Every structure is written in structure tokens, then in C-alpha cells.
S.K.: 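Structure provided below as C-alpha cells; questions to follow.
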Amino acid sequence: MYERILTDFDIRTIMDSGQVFRIRPLPLESAPISCAETGGSPPSTAETFLAAAGKHAVLIRQKPESEDRMRVSFSCTKEEFSNFWNSYFDLDRDYEAIRRSVDPEDAFLTSAIRCGRGIRILRQDLWETIISFLVSQNNNITRIRRSLEALCERYGEKISVNAFPDSPATSLTYESVHAFPSPESILEGGPGGLDGLGLGYRDKYIFRMAQRCAGQEGQEWLDLLLKSSYEDALALLLKEYGIGKKVADCICLFALHHVDAFPIDTHMKQILNAFYPEGFPFSRYEGYAGILQQYMFYYKLTQRRTS
């Protein structure tokens, strides 16, 4: 087990922010709490979550130390945390400085950063993120999670996850979690191998993308994306079957970590029309507008859930 005191980190808020779909609470220890219920403050009790990313999985337990500090335990070694999870959760970026940069006269954005405090833009696996956001099209978070988990169970390898010694969820020591499947494993199932996963018309996008990313040629294309600028990566992604501007921007933001990418879906269009009719002030937030987009998107989702 490895423990840190972190600022600007809340795993539940990250889970609910719409950028990741393979983090879930352990029901024996966690109860849903929104920023509307706590007035923007984190919950006062400990919560435990299972996070799966690529071929990695870890339990995360968090409990507030103060208004702005969270005691966070990871059920992995310090070495694994340093080699993977520290970067995955973008823990070396100063999110407090980003929040301080927000115009105090911008009532909507100041409310959004207060509600979404704890969000971090994850550094997710590129292949997994492409598939996740192909599945996300015209979909809701619950169904996206269900479909991706079913895909992993069908084609992903079983991986183990350590449990906390004092946790009532110690059965996870023996329970299998599934890695995200490779392009090749999806192709082995054939075009009909995605039936029954709740994907609908999106199954053809996934199969075609598996063909695109398989083998040496596919890995070279993924490597090219990883090396590309935001503009070049966006252009490459938009050439692919099933990928539009919003999905491409999500991939750029959540996998390639171009934090100037600013995905615009129905929720964001509503925000921009209602609060920024003359345009969002991108020049003020040049280089990190995508981080602010996540605060705004999460705040809109939270308002919708509690209205």
C-alpha cells in the first residue's frame, strides 16, 4: 500500500467527470455524494474505488484531511504508483494555479471550479480512449460503462488487484478484473464478436478501429498520434471512420493530453450559448482551456442530476 496527501484530487469527482469509464466505487464502503449535497466540499467519510486502466488495476481509498487536502491510499507498491499511477492521475500539475487564474467576475466558471475541485485530466491509454469515446457517441455514462466492462470481460485478459488488508472488500484479492482488450483480440472474434455488448451501431466503428490499430502498422499509427501536435493529431483522427470533431477532441484531451483541446457536445453548447454568447475567452486560458472545460462539463452534469 502507498499513501499520499493530495490537493485537488477527488476520485469520485474524476469518475463522474465524463472522461473515464473504468473507475467504480466499492458499494460496501462508498455512497454517492455530489458537490450539491456537500456545498462544494468533499465528503467527510472514507470512500474506496476500483480503478482499471489498460493492464493495470488498483484500489483507491480517500478521506479528507482538510477542506483542500485528501488522504489517498493506493493498494499498490510505491514503485507501481511512481511508474504508472502518478502520471495517470496527472499529479505533477498544479491545478490550484489553474483555478486561481479564473476570472473572479465569471460567475459560472467560478461556480464550476468550486463544484469540480478534485478533477484532474487523466493520461489514459490512447487505444483504450479511442474505443471508449467511439462507444460514448449518442450514449449515456451508465451504458458506456456497462458496454466497456462487457467488452473487457469478453476479450480482456484477467488481471489481479491487491486489496487493503483491513478492507471489507478483500474478496477483490481473489476476484478477477479484466484488462482492456488489444485490437488483435477483438479482431479474433470477427465482426459478430461484438454482439450482445449493448454497442448498437457503434460495433462497426470499434471493429474498423481494431483493424486500424492492429499489428505493426497500427502501432506505428498510434505512435504517430502520440508524437503529433494537437492540430496534427486532430487531422489524423478526423480521417478515421466514426470519429467526428467532438470525439477527436476528447481523444486529444484525455489520451494525448493536449489540454488546450476543448470538446463541445450538447451540454457544452448549452453552456456556451447561455453564459458565453459572445464566445468563451480562450485567449485568457490559452494552453489549458480543456481543463476548464472539464470543470464546466462536470458542473452541468451535476446540476442536471440534482435539478
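For clarity, every value in this text was computed on a predicted model and none was experimentally measured.
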S.K.: Between Ser147 and Ile144 (side chain of the first, backbone of the second, donor and acceptor by atom type, cut-off under 3.5 Å), is there such a pair?
M.R.: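 A pair under 3.5 Å: no.
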
S.K.: Looking only at atom types and distance, does a side-chain atom of Gln62 sit under 3.5 Å from a main-chain N or O of Arg71, one as donor and one as acceptor?
M.R.: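 Answer holds: no.
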
S.K.: Just wondering, do Glu184 and Tyr155 contact through their side chains at under 4.5 Å, heavy atoms?
M.R.: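 A side-chain contact is absent here, since even the closest heavy-atom pair is not under 4.5 Å.
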
S.K.: Return yes if some donor-acceptor pair links the side-chain N/O of Arg120 with the main-chain N/O of Asp90 below 3.5 Å, else return no.
M.R.: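 Judged by distance alone, yes, a pair lies under 3.5 Å.
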
S.K.: Please check if Ile131 and Leu224 belong to a single hydrophobic cluster, counting links between Ile, Leu, Val, Met, Phe, Trp and Tyr side chain heavy atoms closer than 4.5 Å.
M.R.: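 Per the 4.5 Å side-chain linkage, Ile131 and Leu224 are co-clustered.
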
S.K.: Answer yes if Phe282 and Phe108 sit in the same cluster of Ile, Leu, Val, Met, Phe, Trp and Tyr residues linked by side chain heavy atoms under 4.5 Å apart, and no otherwise.
M.R.: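 Yes; tracing contacts between hydrophobic side chains, which count when under 4.5 Å, links both residues.
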
S.K.: Rounded to the nearest 0.5 Å, what's the gap from CD1 on Ile130 to CE on Met209? Could you check?
M.R.: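 These two atoms lie 5.5 Å from each other.
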
S.K.: Of all heavy-atom pairs between Ser75 and Asn162, which one has the smallest distance, and what is that distance?
M.R.: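 The answer is OG-O, 2.8 Å.
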
S.K.: Taking the side chain as every heavy atom from C-beta outward, state whether Met15 and Pro25 have any atom pair closer than 4.5 Å.
M.R.: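 The answer is yes, as the side chains (C-beta and beyond) meet within the 4.5 Å cut-off.
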
S.K.: Tyr276 and Tyr299: same hydrophobic cluster, using ILVMFWY side-chain contacts below 4.5 Å?
M.R.: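 Yes, Tyr276 and Tyr299 fall within the same hydrophobic cluster.
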
S.K.: Could you list the donor-acceptor pairs under 3.5 angstrom formed by side chains in residues 186-202, with sequence neighbours left out?
M.R.:
unit_1: Tyr201; atom_1: OH; unit_2: Asn138; atom_2: ND2; d: 2.9
unit_1: Arg202; atom_1: NE; unit_2: Val135; atom_2: O; d: 3.3
unit_1: Arg202; atom_1: NE; unit_2: Gln137; atom_2: O; d: 2.7
unit_1: Arg202; atom_1: NH1; unit_2: Leu199; atom_2: O; d: 2.8
unit_1: Arg202; atom_1: NH2; unit_2: Gln137; atom_2: O; d: 3.0
unit_1: Arg202; atom_1: NH2; unit_2: Asn138; atom_2: O; d: 2.9

S.K.: Counting N and O atoms only, with roles assigned by atom type, does the side chain of His258 sit under 3.5 Å from a partner on the main chain of Ser228, one being a donor and the other an acceptor?
M.R.: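 Flag set: sc His258 to bb Ser228 pair under 3.5 Å.
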
S.K.: I would like to know whether Lys269 and Leu272 meet side chain to side chain contact (heavy atoms under 4.5 Å, CB included); could you show each step before the answer?
M.R.: CA-CA 5 Å; Lys269 285 178 182 177; Leu272 295 175; 5.9 Å; no

S.K.: Salt bridge check: are Asp8 and Arg93 linked by an N-O gap of less than 4.0 Å?
M.R.: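 Salt bridge between Asp8 and Arg93, a charged N being under 4.0 Å from a carboxylate O: no.
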
S.K.: Determine whether Ile271 and Phe297 make a side-chain contact, defined as any pair of heavy atoms from C-beta on separated by less than 4.5 Å.
M.R.: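 Contact flag for Ile271/Phe297 side chains = no.
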
S.K.: Which atom pair, heavy atoms only, marks the closest approach of Cys76 to Trp85?
M.R.: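 Heavy-atom minimum between the residues: SG-CD1, 3.9 Å.
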
S.K.: Considering non-hydrogen atoms only, spot the tightest contact between Ile121 and Gln19 and give its length.
M.R.: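 Heavy-atom minimum between the residues: CA-OE1, 3.6 Å.
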
S.K.: In this structure, would Leu226 and Ile243 fall into the same cluster of hydrophobic residues linked by side-chain contacts under 4.5 Å?
M.R.: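 Cluster IDs for Leu226 and Ile243 match.
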
S.K.: Can you check whether Leu225 reaches Leu126 side chain to side chain, under 4.5 Å on heavy atoms?
M.R.: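 Answer yes - side chains close enough.
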
S.K.: Measure the spacing between NE2 of His56 and CG of Asn83 and express it to the nearest 0.5 Å.
M.R.: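 Reported value, rounded in 0.5 Å steps: 9.0 Å.
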
S.K.: For the backbone of Arg61 and the side chain of Thr48, can you confirm whether one donor and one acceptor N or O come within less than 3.5 Å of each other?
M.R.: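 Checked: no pair found.
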
S.K.: Within the supplied structure, the quantity of interest is the number of heavy atoms (other residues, nucleotides, ligands) at a distance under 6.0 Å from Glu157 CD; does it exceed 12?
M.R.: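 Counting neighbours around CD of Glu157, 12 or fewer heavy atoms of other residues, nucleotides or ligands fall under 6.0 Å, so no.
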
S.K.: Is there side-chain contact between Cys250 and Ser136, with at least one heavy-atom pair below 4.5 Å?
M.R.: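 They are not in side-chain contact.
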
S.K.: Compute the centroid of each ring, for Phe275 and then for Phe280, and state whether the two points are separated by less than 6.0 Å.
M.R.: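 No; Phe280 has its ring centre 6.0 Å or more from that of Phe275.
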
S.K.: For a side chain to side chain contact (heavy atoms under 4.5 Å, CB included) check, start with the C-alpha distance between Gln294 and Tyr298, then their side-chain angles and the critical distance, and finish with the verdict.
M.R.: CA-CA 6 Å; Gln294 272 291 275; Tyr298 174 77; over 6 Å; no

S.K.: Working note: Met268 + Phe262, criterion side chain to side chain contact (heavy atoms under 4.5 Å, CB included); need CA distance, chi angles, decisive distance, verdict.
M.R.: CA-CA 9 Å; Met268 288 305 300; Phe262 196 87; 3.7 Å; yes

S.K.: Considering only NZ, NE, NH1 and NH2 on the basic side and carboxylate oxygens on the acidic side, decide whether Asp249 and Lys245 come within less than 4.0 Å.
M.R.: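 Looking at Lys245 together with Asp249, the answer is yes, because their closest N to O distance falls below 4.0 Å.
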
S.K.: Check the orientation of Tyr205 and Tyr241. Use parallel for under 30°, tilted for 30 to 60°, and perpendicular for over 60°.
M.R.: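 Judged by the thresholds at 30° and 60°, the geometry between Tyr205 and Tyr241 is perpendicular.
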
S.K.: Over all heavy atoms of both residues, which pair between Ile141 and Gly18 is shortest? Give the atoms and the distance, please.
M.R.: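 Shortest heavy-atom contact: CD1-CA, 4.2 Å.
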
S.K.: Hey, could you give me the CG/OH distance between Leu234 and Tyr230, rounded to the nearest 0.5 Å?
M.R.: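 It is 4.5 Å, given to the nearest 0.5 Å.
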
S.K.: Hey, quick one: are Ile5 and Leu91 part of the same hydrophobic cluster, counting side-chain heavy atoms closer than 4.5 Å, chains of contacts allowed?
M.R.: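 No, separate clusters.
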
S.K.: So do the side chains of Cys115 and Tyr295 get within less than 4.5 Å of each other, counting heavy atoms only?
M.R.: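 No, every pair of side-chain atoms sits at 4.5 Å or beyond.
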
S.K.: Can Gln124 and Glu128 be said to form a side chain to side chain donor-acceptor pair (under 3.5 Å), step by step?
M.R.: CA-CA 7 Å; Gln124 300 182 65; Glu128 181 172 348; over 6 Å; no

S.K.: So, do Met70 and Lys63 sit near enough that their side-chain heavy atoms are less than 4.5 Å apart?
M.R.: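 SC-SC contact between Met70 and Lys63 ruled out.
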
S.K.: Please report the C-alpha distance between Ile23 and Leu50 in whole Å, then the side-chain angles of each, then the deciding distance to 0.1 Å, and finally whether the side chain to side chain contact (heavy atoms under 4.5 Å, CB included) criterion is met.
M.R.: CA-CA 6 Å; Ile23 299 176; Leu50 171 65; over 6 Å; no

S.K.: Just by distance, do the side chain of Thr129 and the backbone of Asp125 share a donor-acceptor pair under 3.5 Å?
M.R.: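 Pair found, side chain donor or acceptor close to backbone of Asp125.
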
S.K.: For Asp68 and Ser66: C-alpha separation, side-chain torsions, deciding distance, then whether side chain to side chain donor-acceptor pair (under 3.5 Å) applies.
M.R.: CA-CA 5 Å; Asp68 60 349; Ser66 63; 3.1 Å; yes

S.K.: What about the rings of Tyr95 and Phe9, do their centers lie closer together than 6.0 Å?
M.R.: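 That pair fails the under 6.0 Å test.
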
S.K.: Taking the ring centre of each residue, are Phe133 and Phe254 less than 6.0 Å apart?
M.R.: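 Aromatic pair counts; centres sit under 6.0 Å.
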
S.K.: Testing the basics here: between Ala233 and Cys252, what is the closest heavy-atom pair and its distance to 0.1 Å?
M.R.: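 The answer is CB-SG, 4.1 Å.
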
S.K.: Can you tell me which residue among Phe81, Phe49, Phe164, Tyr2 is in a ring pair (Phe, Tyr, Trp, His ring centres under 6.0 Å) with Phe74?
M.R.: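 The residue from Phe81, Phe49, Phe164, Tyr2 that satisfies ring pair (Phe, Tyr, Trp, His ring centres under 6.0 Å) with Phe74 turns out to be Phe81.
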
S.K.: If you count every heavy atom of other residues, nucleotides or ligands that lies below 6.0 Å from Glu79 atom CD, does the total exceed 12?
M.R.: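 Result for CD/Glu79: open.
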
S.K.: Does a side-chain heavy-atom distance below 4.5 Å link Arg208 with Arg212?
M.R.: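 No, their side chains stay 4.5 Å or more apart.
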
S.K.: Enter the distance from Arg117:CZ to Thr7:OG1 here, rounded to the nearest 0.5 Å.
M.R.: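 The distance works out to 8.0 Å.
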
S.K.: Atom CG of Asp94 and atom CZ of Arg99: how far apart are they, to the nearest 0.5 Å?
M.R.: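 Here the interatomic distance stands at 9.0 Å.
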
S.K.: I need the minimum non-hydrogen distance between Val102 and Tyr285, along with the two atoms involved.
M.R.: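 Taking every non-hydrogen atom into account, CA-OH, 3.6 Å.
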
S.K.: For the atom pair CG (Leu236) and CG (Leu222), what is the distance rounded to the nearest 0.5 Å?
M.R.: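 If I round to the nearest 0.5 Å, the distance is 11.0 Å.
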
S.K.: State whether Arg145 and Asp16 are salt-bridged, where the test is any N-O pair (Lys NZ or Arg NE/NH1/NH2 against Asp/Glu carboxylate O) under 4.0 Å.
M.R.: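 Looking at Asp16 together with Arg145, the answer is yes, because their closest N to O distance falls below 4.0 Å.
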
S.K.: Would the distance check show the side chain of Arg284 and the main-chain N or O of Ser101 forming a donor-acceptor pair, the cut-off being under 3.5 Å?
M.R.: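 At least one qualifying donor-acceptor pair exists.
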
